[in-house]
Amino acid sequence: MLKTLISLGVAKNQEGIGKLLGYSNKSSFSQVINGKVNLPADFVDRLCALNTQINKEWIKTGIGNVLENNSNYNKGYNDENYNTSVNDFFTDASIKNQTLPLISAEAMIEYNAGNKRSIELNAAKFLIPTFQGSDYLITVIGSSMYPKYNNGDIVACKHLSLDTFFQWNKVYVINTEQGILVKRICKSENDDFVTIVSDNKDYNSFEIPKSKLLSIAIVTGVIRLE
């Protein structure tokens, strides 16, 4: 995204964009874009205000094109021999290897089914050094894990094998016959089951056979929306 803004002439470099967004020094803005501090509530709005072509939906969900009018963007980048794919926003190989794809619940099912490469190629990528070792990001939907996670929060996940051991009372993302669930996993009295617990007390706990778990990922971090 920063590279896109620079290519559009919004600023000459990352520091210039930071100043336009109200960050007085390079360090404070760097902490925000590297995920070391939470994004301010109005960050996306301020970012989109820098250029009317910026697609807010793409920033939030990764759906669509980075710019509302993508044809102009393609022309500008072709003039400089750049590839406009989202995957090429990070041109340094070492950095690209550290980026995490933001995927939907449906895409997570495909990812876990072995279509990892295809999903990663079509997903928005984020560089978050503190989540090193994670495999992907997903958006929390609903309020069952409130106050731990809010609707719209983004959680980082590390994919695990089905025969993994559980760290009881940790939060996992599990794929079941009824869809993707972000829940706390607790020990059941029956060794063949696990207890699924919501932090929101309005939701009842329930048990599910381990054999019904289609895939498992442990939550390793969160990007919280205000």
**Minimal non-hydrogen separation, Met145 against Val182, with atom names** = CG-O, 3.1 Å

**Message:** Phe166: which residues meet the ring pair (Phe, Tyr, Trp, His ring centres under 6.0 Å) condition with it, sequence neighbours left out?
**Reply:** Trp168, Tyr172

**Request:** Could you pull out all residues at least two apart from Asp192 that satisfy salt bridge (Lys or Arg N to Asp or Glu O under 4.0 Å)?
**Result:** none

**Asked** Roughly how far, to the nearest 0.5 Å, is OG of Ser215 from CG of Leu160?
**Response** 10.0 Å

**Item:** Test side chain to side chain contact (heavy atoms under 4.5 Å, CB included) applied to Leu162 - qualifying residues, sequence neighbours left out
**Value:** Ile216

**Request:** Evaluate the side chain to side chain contact (heavy atoms under 4.5 Å, CB included) criterion for residues Ile103 and Leu137: first the C-alpha distance (whole Å), next the side-chain angles of each, then the deciding distance (0.1 Å), finally the verdict.
**Result:** CA-CA 6 Å; Ile103 64 178; Leu137 307 167; over 6 Å; no

**Prompt:** Which pair of non-hydrogen atoms, one from Asp153 and one from Val222, has the smallest distance, and what is that distance?
**Reply:** CB-CG2, 4.0 Å

**Intermediate values then yes/no, side chain to side chain contact (heavy atoms under 4.5 Å, CB included), Cys157 and Ile138** = CA-CA 8 Å; Cys157 306; Ile138 68 166; 4.1 Å; yes

**Prompt:** Are Val197 and Leu181 in one and the same hydrophobic cluster, where Ile, Leu, Val, Met, Phe, Trp and Tyr link if side-chain heavy atoms are under 4.5 Å apart?
**Reply:** no

Which pairs would a plain distance check flag for residues 201-211, meaning a side-chain donor or acceptor within less than 3.5 Å of a matching protein atom at least two apart in sequence or in another chain?
{"from": "Tyr203", "atom 1": "OH", "to": "Ser143", "atom 2": "OG", "distance (Å)": "3.4"}
{"from": "Glu207", "atom 1": "OE1", "to": "Ser188", "atom 2": "OG", "distance (Å)": "3.2"}
{"from": "Glu207", "atom 1": "OE2", "to": "Ser188", "atom 2": "OG", "distance (Å)": "2.9"}
{"from": "Glu207", "atom 1": "OE2", "to": "Thr195", "atom 2": "OG1", "distance (Å)": "3.2"}
{"from": "Lys210", "atom 1": "NZ", "to": "Asp191", "atom 2": "O", "distance (Å)": "3.0"}

**Message:** Measuring from atom OH of Tyr136 to atom CD1 of Ile154, what distance do you get when rounded to the nearest 0.5 angstrom?
**Reply:** 14.5 Å

**Prompt:** CG of Leu213 to OG1 of Thr176: how many Å apart, nearest 0.5 Å?
**Reply:** 8.0 Å

**Message:** Would Ile141 and Asn151 count as a side chain to side chain contact (heavy atoms under 4.5 Å, CB included) here? Give the steps.
**Reply:** CA-CA 5 Å; Ile141 299 174; Asn151 182 48; 4.3 Å; yes

**Contacts of type side chain to side chain contact (heavy atoms under 4.5 Å, CB included), residue Gln14, not counting sequence neighbours** = Leu2, Phe29, Ser30, Ile33

**Co-membership, hydrophobic cluster, residues Tyr146 and Val140, 4.5 Å side-chain** = no

**With sequence neighbours excluded, residues passing side chain to side chain contact (heavy atoms under 4.5 Å, CB included) with Val219** = Tyr149, Val155, Val171, Val173

**Asked** Rounded to the nearest 0.5 Å, how far apart are CD1 of Ile218 and CD1 of Ile174?
**Response** 12.5 Å

**Item:** Residue pair Pro147 / Arg224: nearest heavy atoms and the distance that separates them
**Value:** O-NH2, 3.6 Å

**Item:** Partner set under side-chain hydrogen bond (donor to acceptor under 3.5 Å, both in side chains) for Asn169, not counting sequence neighbours
**Value:** none

**Item:** Test salt bridge (Lys or Arg N to Asp or Glu O under 4.0 Å) applied to Glu177 - qualifying residues, sequence neighbours left out
**Value:** Lys212

**Request:** State the OG-NZ distance between Ser198 and Lys148, to the nearest 0.5 angstrom.
**Result:** 14.0 Å

**Prompt:** Leu100, Ile223: one ILVMFWY side-chain cluster at the under-4.5 Å cut-off?
**Reply:** yes

**Request:** Sorted by first residue and then second, give each salt bridge (charged side-chain N to carboxylate O under 4.0 Å, His left out) pair with at least one member in residues 155-169; sequence neighbours left out.
**Result:** none

**Request:** Can you sort out the partners of Thr164 under side-chain hydrogen bond (donor to acceptor under 3.5 Å, both in side chains), two or more places apart, ordered by chain and number?
**Result:** none

**Prompt:** Got Phe126 and Thr99 here, is their nearest side-chain heavy-atom distance under 4.5 Å?
**Reply:** no

**Item:** Partners meeting side-chain hydrogen bond (donor to acceptor under 3.5 Å, both in side chains) with Ser144 (sequence neighbours left out)
**Value:** Lys183

